[in-house]
J.: 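One structure, as C-alpha cells, below. Some questions next.
Letters go in sequence order (proteins before strands), and every chain restarts at 1. In this text, all values refer to a predicted model and were calculated from it rather than measured experimentally.
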Protein chains: 2
Amino acid sequence: MPRPPRADGARVTIADVAARAGVSLSTVSRALNGNPTVDPALAEKVRDAATALDYTASPVARSLVLGRTQTVAVVVPDLGNPTFQAILRGLSRAAAADDYHVLVADSAESVAEERVLATATRRRTDGVILCSPRLPQDELDRLVGGLTPAVLINRSSGDVPSVRADYRSALTAELEHLYGQGHRRIVYLAGVARSVANAARLEAIAEFAAGHADAVVTEIPCGVDFEAGAAAGPAVRASGATAALAFNDLVAMGLLSAVQADGCRVPADLSIVGFDDIPFARYTSPPLTTAAVPANELGAEAWARMRGLLEGAEPGHPLSLLPQLTVRGSTGPAPV
Amino acid sequence: MPRPPRADGARVTIADVAARAGVSLSTVSRALNGNPTVDPALAEKVRDAATALDYTASPVARSLVLGRTQTVAVVVPDLGNPTFQAILRGLSRAAAADDYHVLVADSAESVAEERVLATATRRRTDGVILCSPRLPQDELDRLVGGLTPAVLINRSSGDVPSVRADYRSALTAELEHLYGQGHRRIVYLAGVARSVANAARLEAIAEFAAGHADAVVTEIPCGVDFEAGAAAGPAVRASGATAALAFNDLVAMGLLSAVQADGCRVPADLSIVGFDDIPFARYTSPPLTTAAVPANELGAEAWARMRGLLEGAEPGHPLSLLPQLTVRGSTGPAPV
DNA sequence: CTGTTAGCGCTTTCAG
DNA sequence: CTGAAAGCGCTAACAG
C-alpha cells in the first residue's frame with residue numbers, strides 16, 4: 001500500500017530554505033522566529049529565501065515539537081441555536097485577534113456526545129470551552145478535571161473559569177417589570193426541567209413569590225423552541241394568567257404566534273416576555289419584551305479566560321454578565 | 001476513583017503502553033490501529049494495557065506522520081448570518097459522522113481576511129471549504145489553486161467542486177408568483193452590489209423583464225441586514241411599487257417592520273418577498289413569503305464533496321439545489 | 001507475526 | 001553567533 005500523498009502537496013520544507021540561503025536548519029528556524037541572536041545579514045538572507053520559496057513552517061510539525069496547537073475547541077449543544085451562534089461568533093473573532101484558531105463541535109444536545117467530543121477535541125487543541133454543557137453536575141466535574149485548561153460558559157465546576165449570563169437577576173427584573181404593570185397572575189413556561197438555566201429561573205421565581213404575597217406564579221412544563229411555545233398556548237390561556245414568562249425568545253415567539261392566531265391580543269389580553277433577545281425578537285409584532293443576553297461578549301470573555309489560562313494566569317473569579325431588561329411592545333398593563 | 005492522567009505534561013505515550021504490555025512500539029501501533037497481522041492474544045494484551053493507562057494516540061503526532069489531520073476548515077463571511085450558520089451546522093454534523101473535525105474561521109466580510117484565513121487554515125487541515133467567498137473571480141481562481149482540496153459553496157472556479165443554491169431560478173419563481181398575483185410595479189432591494197448572489201438575481205430580473213413587457217422592476221440599492229431593509233422603507237413606499245423583492249429574509253423583515261410602523265398594510269398595500277427562509281421567516285406577521293434555501297443540505301453536500309476529494313475521487317459536476325418557493329401571508333393580489 | 005530502524009518537519013539544547 | 005544532533009509521538013518500511 002503506497003503512502004497517501006502528503007495532504008499539503010509538495011510542500012517546501014525548512015531544509016529547502018536552508019539550502020537556498022546557504023545556512024543550517026537551526027539558523028532558518030531562529031531567523032524566522034525572530035530570535036535576536038541571529039546575524040542581521042543572515043536573517044535577511046533567510047527571509048529572502050523563505051519569501052522566494054513561499055515557505056511557511058508546518059503548523060503540525062510545530063505543534064508536535066512545541067506541544068501547542070494554537071487552536072482551542074468549542075463544544076456547543078446546537079449550532080442552530082441563535083444564542084450559541086452569537087457566542088461562537090464573539091469567541092471566534094476574539095480568538096482570531098490573538099492568532100488562535102477555533103475547532104467547533106456540535107453535540108446535537110446529546111450528553112453522551114458532549115462527553116466524547118470534549119475529550120476528543122481536547123487532544124487536538126490547547127484547551128476546550130464548553131458552552132452550556134448539558135451534563136449533570138457530577139459528570140461535568142469529573143469531565144473538566146481531565147480537560148485542563150477548560151472554560152465553562154453558563155455552568156461552573158470547581159475553580160474552572162466560567163463566564164455566564166446572570167439568569168436569575170434578569171428574570172427577577174422581568175418579574176418586577178410585570179408586577180409593576182399590575183400583573184398578579186403570571187405563568188412561567190419552563191425549559192428543560194433539569195437544566196441549570198431553568199433552575200436559576202425557578203430560584204428567581206421562588207424569591208419573587210416570597211416577596212410578593214399578592215402575586216402568583218405558576219409553572220407550565222414546556223420546551224425550548226417555537227413549537228413548544230406554540231403548543232403551550234392553550235394551557236396559558238386556560239390558566240387565566242395575564243402575563244407569560246417564556247424560557248427563551250423562541251418559546252415566547254411560538255406562544256405569541258399561537259395565542260394571536262387564537263384571537264388573543266398581545267399585550268392587551270396577555271403580556272409575553274422572552275429571554276435572550278435573539279436578533280429577531282425586535283421584529284415580531286408586537287416586538288418582544290425580553291432580557292438581552294450579551295452573547296457576543298460572553299463568547300469574547302470566554303476566550304479572554306482561556307487565553308489567560310494558556311498564559312499561565314490564575315483561574316480568577318467567575319464572570320457574570322447581567323442580561324439587560326429590554327421592554328418592547330409585547331408587555332403592557334394587566335387587563336382590569 | 002483514580003484521577004485520569006494529566007492532559008498536560010505527563011501524557012501517556014505509546015512507549016508506556018508498550019512497556020506495560022511487554023511488546024514493541026510497532027506492535028502497539030499495529031494492534032491499536034486494527035492491523036490484522038497481529039497475534040490476537042498480543043493484541044488483546046495491548047488493548048488492555050492501553051485501557052488501563054487510558055491511552056489514546058496523539059492526534060498531532062499522527063497528523064505529522066500520516067500527513068493527514070482529520071480536520072477541514074470552513075471559512076464563512078459572517079458567523080452571525082443565519083444562512084451560514086445553517087450551512088455550518090449541516091456541514092459540521094456531516095463531517096462529524098465521518099469522524100472529521102471542523103475548524104471555523106469568520107472573515108468578518110473582509111476580502112483580505114478571507115484570503116489570509118483560507119491559506120492559513122489550509123495549512124493545518126486537510127482541505128478548506130469556502131462558503132460564499134466575497135473575493136472577485138480572478139482572485140478566487142488564483143486562491144483556490146493553492147488550496148487543493150477545496151470545495152466552494154455558492155461560487156465556482158475552474159473544476160473545483162461546488163455546491164450552490166440556484167438563486168436565479170428561485171428568483172424567477174418569486175417574480176412569476178408576484179406577476180401571477182397581478183403585480184406590475186416591483187422593486188428589488190439589492191444586496192452587496194458586486195456579490196455573485198446579487199448578480200444572479202439581477203440576471204433573473206433582466207430575463208423576467210424581457211419576457212414581461214407590461215411589468216417594470218426597479219432596483220434600489222440596499223444592504224443585507226435588518227437595518228438596511230428598514231432604512232429602505234421610505235424609498236420603497238415612494239417608488240409606488242406594489243411588491244418588494246428583498247435580497248434576503250433579513251432585509252425583508254426590516255422592510256416589513258418599517259412599512260408597517262408607517263401604516264402600510266402587508267400584503268394589502270404592499271407584498272413583500274424574502275429569500276433564504278431563515279427559521280424566523282414563518283413567525284413574522286404576516287409570515288414571510290420566501291424562497292427556502294436548503295442550507296443544511298448545502299452544508300452536508302459540501303462535506304460530501306470534500307470527503308470525495310479526500311478519498312481521491314474526481315471533482316464531479318457542480319451541484320445546484322433549487323430553493324423552494326414558499327408562499328406565506330406577506331404576498332397577496334396587487335391592490336387595484 | 002514481531003522488533004528494529006528510519007523518518008514526518010520542526011525547535012532547541014549543546015558544542016564550537 | 002552558528003551548526004550538529006537529539007528528540008516531540010507516532011507509523012511504516014525492512015528485516016528477522
J.: In whole Å, what is the span from the CZ atom of B:Arg62 to the C1' atom of D:dC8?
T.: 16 Å
J.: Would you tabulate the side-chain donor-acceptor contacts of residues 153-164 of chain B under 3.5 Å, counting partners in other chains and residues two or more places apart, or write 'none'?
T.:
residue	atom	partner	partner atom	Å
B:Asn154	OD1	B:Ala165	N	3.0
B:Asn154	ND2	B:Ser132	OG	3.3
B:Asn154	ND2	B:Tyr167	OH	2.8
B:Arg155	NH1	B:Pro133	O	2.7
B:Arg155	NH1	B:Leu135	O	2.9
B:Arg155	NH2	B:Leu135	O	2.9
B:Arg155	NH2	B:Gln137	OE1	3.1
B:Ser157	OG	B:Asp141	OD1	2.6

J.: If only atom types and distance count, is the side chain of A:Asp98 paired as donor or acceptor with the main-chain N or O of A:Tyr100 below 3.5 Å?
T.: no
J.: Taking atom P of D:dG7 as reference, at what distance in whole Å does atom CD1 of B:Ile14 sit?
T.: 18 Å
J.: Using only side-chain N and O atoms of B:Ser29, determine if any of them is under 4.0 Å from OP1 or OP2 of D:dT11.
T.: yes
J.: Could you tell me how far apart A:Arg124 (CZ) and D:dG9 (C1') are, to the nearest whole angstrom?
T.: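 About 14 Å, once rounded to whole Å.
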J.: If I take atom CZ in residue A:Arg68 and atom P in nucleotide C:dC10, what distance separates them, rounded to the nearest angstrom?
T.: 15 Å
J.: So do B:Leu147 and B:Leu130 actually touch side chain to side chain, heavy atoms under 4.5 Å?
T.: yes
J.: With B:Leu103, which of A:Thr125, A:Leu103, A:Val102 fulfils side-chain contact (heavy atoms from CB on, under 4.5 Å)?
T.: A:Leu103
J.: For B:Arg11 versus B:Asp54, what's the shortest heavy-atom pair and its separation?
T.: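 B:Arg11 and B:Asp54 have their closest heavy atoms at NH2-O, 4.4 Å.
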J.: Rounded off to whole Å, could you give me the CG-to-P distance for the B:Leu64 and C:dT11 pair?
T.: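 Value for this atom pair: 12 Å.
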J.: Before giving the answer on salt bridge (Lys or Arg N to Asp or Glu O under 4.0 Å), spell out for B:Arg30 and B:Asp39 the whole-Å C-alpha distance, their side-chain angles and the decisive distance to 0.1 Å.
T.: CA-CA 10 Å; B:Arg30 285 193 276 251; B:Asp39 182 301; over 6 Å; no
J.: Give each protein N/O atom lying under 3.5 Å from an N/O atom of nucleotides 4-6 of chain D, with the pair distance.
T.:
residue	atom	partner	partner atom	Å
D:dA4	N7	A:Ser26	OG	3.4
D:dA4	N6	A:Ser26	OG	2.9

J.: Among residues 34-46 of chain B, which residues get a heavy atom nearer than 4.0 Å to DNA chain C?
T.: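 Close to the strand are B:Thr37, B:Val38, B:Asp39, B:Leu42.
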J.: Mark yes or no for whether A:Asp106, through its side chain, and A:Leu79, through its backbone, hold a donor-acceptor pair below 3.5 Å.
T.: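 Between the backbone of A:Leu79 and the side chain of A:Asp106 there is a qualifying donor-acceptor contact (under 3.5 Å).
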J.: Mind calculating the distance between CG (B:Leu32) and C1' (D:dC10) to the nearest angstrom?
T.: 12 Å
J.: Taking the side chain as every heavy atom from C-beta outward, state whether B:Thr69 and B:Arg124 have any pair of such atoms under 4.5 Å apart.
T.: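 No - every pair of side-chain heavy atoms lies 4.5 Å or more apart.
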J.: Below 4.0 angstrom from OP1 or OP2 of D:dC8, is there any side-chain N or O of B:Thr13?
T.: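 No.
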J.: Heavy-atom nearest nucleotide on DNA chain C for B:Ala61 versus B:Thr27: which residue maps closer to 5'?
T.: B:Thr27
J.: When you measure from the side chain of A:Glu114 to the backbone N and O of A:Arg134, does any donor-acceptor pair fall under 3.5 Å?
T.: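 Yes.
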J.: Under 4.0 angstrom, heavy atoms only, what part of the nucleic acid is A:Val23 near: base, sugar-phosphate, or nothing?
T.: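 The answer is sugar-phosphate, as A:Val23 gets under 4.0 Å only of primed atoms, P, OP1 or OP2.
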J.: Among D:dT11, D:dG9, C:dT11, which nucleotide sits nearest the side chain of B:Leu66?
T.: D:dT11
